[in-house]
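Down below is the structure, laid out as structure tokens.
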Amino acid sequence: MSSTTTLLMVATMVGLALADLSIKQSTGRIAPALGTLISTVAALALPVGWTIIAAVRGEVVLTRDGALWSIATGLAFSAATGLVFLIFGTGATLSAAIPTIRTGGLLLAAALGFVVFGERLTWQYAIGFVLAVAGIGLVATSQAS
């Protein structure tokens with residue numbers, strides 16, 4: 001994995017963590033539907049600016065499939081954001097809910113990688129997968145004790 005990829009992944013982790021923290025902070029201070037709407041509208045600022053810069057550079061590509069999958073991405077992220085608002089509204093803690101959600105999501109995404117894209121499953125990955133599932137169980141039940 002390149003250092004650029006690693007840096008981008010760390011930046012993405014920070015962005016997701018800040019988003020989760022922000023949702024937790026807004027819980028009880030805004031209706032979940034309105035919080036989801038406002039966060040979605042606010043999220044437009046960065047990609048609008050990025051698209052303008054890319055258009056000036058002649059780097060904008062648009063295909064039907066690309067647009068449809070991008071719409072699916074937006075709907076999935078909006079649904080996930082709304083669900084996190086609702087989850088925090090039940091009293092779930094940031095330290096238990098988010099690791100459980102993120103780890104479960106990454107396991108599902110990995111499974112899709114194997115099934116949909118035929119990605120290679122190694123014994124190291126299988127062991128890591130089992131450990132991650134065990135970790136989800138431990139984290140998810142840690143607040144109950």
Side-chain angles (χ1 to χ4, degrees), residues 1-122 125 128-144:
M1 185 178 316
S2 75
S3 58
T4 300
T5 301
T6 301
L7 213 86
L8 290 170
M9 289 170 57
V10 169
T12 302
M13 291 175 202
V14 170
L16 288 172
L18 291 175
D20 294 329
L21 175 70
S22 298
I23 293 171
K24 181 66 174 172
Q25 287 295 96
S26 66
T27 300
R29 296 180 172 111
I30 193 168
L34 185 56
T36 302
L37 175 64
I38 290 171
S39 67
T40 301
V41 170
L44 282 171
L46 241 130
V48 165
W50 188 3
T51 302
I52 290 168
I53 292 168
V56 168
R57 293 179 176 170
E59 300 169 350
V60 175
V61 175
L62 176 63
T63 66
R64 181 180 176 273
D65 284 349
L68 291 175
W69 281 110
S70 294
I71 290 167
T73 301
L75 293 173
F77 272 120
S78 290
T81 300
L83 290 168
V84 171
F85 270 103
L86 293 173
I87 290 164
F88 285 147
T90 69
T93 63
L94 182 66
S95 61
I98 294 306
T100 302
I101 293 165
R102 294 276 188 245
T103 307
L106 78 83
L107 293 175
L108 289 171
L112 288 170
F114 300 131
V115 173
V116 175
F117 299 113
E119 295 173 357
R120 199 170 132 243
L121 177 62
T122 63
Y125 194 95
F129 195 91
V130 169
L131 290 172
V133 170
I136 288 175
L138 290 171
V139 170
T141 59
S142 69
Q143 300 298 315

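Predicted model, so just to flag it, every value in this text is computed and none were measured.
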Examine distances only and state if a side-chain atom of S78 and a backbone atom of L75 form a donor-acceptor pair shorter than 3.5 Å.
no

Working to the nearest 0.5 Å, report the span between CG of D20 and OG1 of T81.
8.5 Å

Is any side-chain heavy atom of F88 closer than 4.5 Å to one of I98?
yes

Test item: V139 and T103 side chains (from C-beta on) under 4.5 Å apart, heavy atoms:
no

Those residues that, when tested against A110, pass side chain to side chain contact (heavy atoms under 4.5 Å, CB included) (two or more places apart):
F114, Y125

Name all residues meeting the side-chain hydrogen bond (donor to acceptor under 3.5 Å, both in side chains) criterion together with S2; count only those two or more places apart in sequence or in a different chain, and write none if there are none.
T5

So, for P99 and S95, which heavy atoms are closest and what is the spacing to 0.1 Å?
CG-O, 3.1 Å

With distance as the sole test, does K24 use its side chain to make a donor-acceptor pair with the main-chain N or O of A92 at under 3.5 Å?
yes

Value rounded to 0.5 Å, distance of CG in L138 from OG1 in T100
10.0 Å

So, do L112 and F117 sit near enough that their side-chain heavy atoms are less than 4.5 Å apart?
no

Min side-chain heavy-atom separation V84-T36 under 4.5 Å
no

First locate atom CG of L8, then atom CE of M13, and finally report the distance between them rounded to the nearest 0.5 Å.
11.0 Å

Under 3.5 Å donor-acceptor pairs involving side-chain atoms of residues 49-69, not counting sequence neighbours:
residue, atom, partner, partner atom, Å
T51, OG1, P47, O, 2.7
T63, OG1, G66, N, 2.9

With a 4.5 Å heavy-atom cut-off, do V133 and L107 have their side chains touching?
yes

If we ignore hydrogens and angles and just use 3.5 Å, is the side chain of S26 paired with the main-chain N or O of I23 as donor and acceptor?
yes

Point-to-point distance, once rounded to the nearest 0.5 Å, from CG of L37 to CD1 of I30
8.5 Å

Look up atom CZ in F129 and atom CG in L106, then write down how far apart they are to the nearest 0.5 Å.
8.5 Å

Is the CG atom of L46 crowded by more than 12 outside heavy atoms at less than 6.0 Å?
no

Using a 4.5 Å cut-off on heavy atoms from C-beta on, say whether the side chain of T90 contacts that of L86.
no

